[in-house]
Engineer: 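Mind having a look at this structure? Questions to follow.
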Amino acid sequence: ENARRNGLAPWLRFYVAPGARHPLAQGAKFDLAFANILARPLQRLAPSLARALAPGGTLVLSGLLARDAPGVLSA
């Protein structure tokens, strides 16, 4: 809705999917991705999330406990 109101909708595509497994996202490279899940699932999904990012892309992680951050970052 915000993208539409700001005239950006034609340049954006949004997906909600378990990891990077969405039929429309297969083989796509994303400039920006968000993951708001627990540490262990993030560690398991790390390879597929990394492959889904475009060069220079940004992955925003949330929902982590501070003690879990080092393990997630190492994955």
Side-chain angles (χ1 to χ4, degrees):
E1 178 62 23
N2 285 334
R4 186 188 61 75
R5 287 183 180 188
N6 286 290
L8 299 173
W11 294 280
L12 301 173
R13 286 191 175 171
F14 298 95
Y15 303 95
V16 176
R21 296 178 301 181
H22 187 287
L24 296 174
Q26 293 303 308
K29 296 291 183 180
F30 296 94
D31 297 315
L32 179 61
F34 296 88
N36 181 20
I37 55 177
L38 299 172
R40 285 195 179 153
L42 278 175
Q43 288 170 320
R44 286 192 303 269
L45 291 170
S48 65
L49 291 171
R51 282 191 303 273
L53 284 178
T58 300
L59 176 60
V60 178
L61 304 177
S62 60
L64 294 173
L65 299 175
R67 69 176 182 251
D68 295 330
V72 171
L73 291 174
S74 69

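This one's a predicted model, so the numbers in the text were calculated from it and none came from an experiment.
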Engineer: For Leu12 and Ala3, work out which heavy atoms get closest and say how close.
Structural biologist: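 Here Leu12 and Ala3 meet closest at CD1-CB, 3.6 Å.
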
Engineer: Nearest heavy-atom pair of Ala46 and Ala75: which atoms, and what distance?
Structural biologist: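 Closest heavy-atom pair between Ala46 and Ala75: CB-O, 3.5 Å.
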
Engineer: Not counting sequence neighbours, which residues clear side-chain contact (heavy atoms from CB on, under 4.5 Å) with Asn6? List them please.
Structural biologist: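 Scan of Asn6 (side-chain contact (heavy atoms from CB on, under 4.5 Å), adjacent residues dropped) gives Asn2, Leu8.
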
Engineer: Write down the atom of Leu45, the atom of Ile37, and the distance for their closest heavy-atom approach.
Structural biologist: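 Heavy-atom minimum between the residues: CD1-CD1, 3.6 Å.
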
Engineer: Roughly how far, to the nearest 0.5 Å, is CZ of Arg40 from CG of Asp68?
Structural biologist: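 Asp68 atom CG to Arg40 atom CZ measures 8.5 Å (nearest 0.5 Å).
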
Engineer: With distance as the sole test, does Lys29 use its side chain to make a donor-acceptor pair with the main-chain N or O of Arg51 at under 3.5 Å?
Structural biologist: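 Answer holds: yes.
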
Engineer: Could you state the interatomic distance from CZ (Phe30) to CZ (Phe14), rounded to the nearest 0.5 Å?
Structural biologist: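 Phe30 CZ to Phe14 CZ: 11.5 Å, rounded to 0.5 Å.
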
Engineer: Rounded to the nearest 0.5 Å, what separation is found between the CG atom of Leu49 and the CZ atom of Arg44?
Structural biologist: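 The CZ atom of Arg44 is 12.0 Å from CG of Leu49, to the nearest 0.5 Å.
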
Engineer: By the definition side chain to side chain contact (heavy atoms under 4.5 Å, CB included), identify the one residue from Leu32, Leu42, Leu53 that meets it with Leu59.
Structural biologist: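 Exactly one option meets the side chain to side chain contact (heavy atoms under 4.5 Å, CB included) with Leu59, and it is Leu53.
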
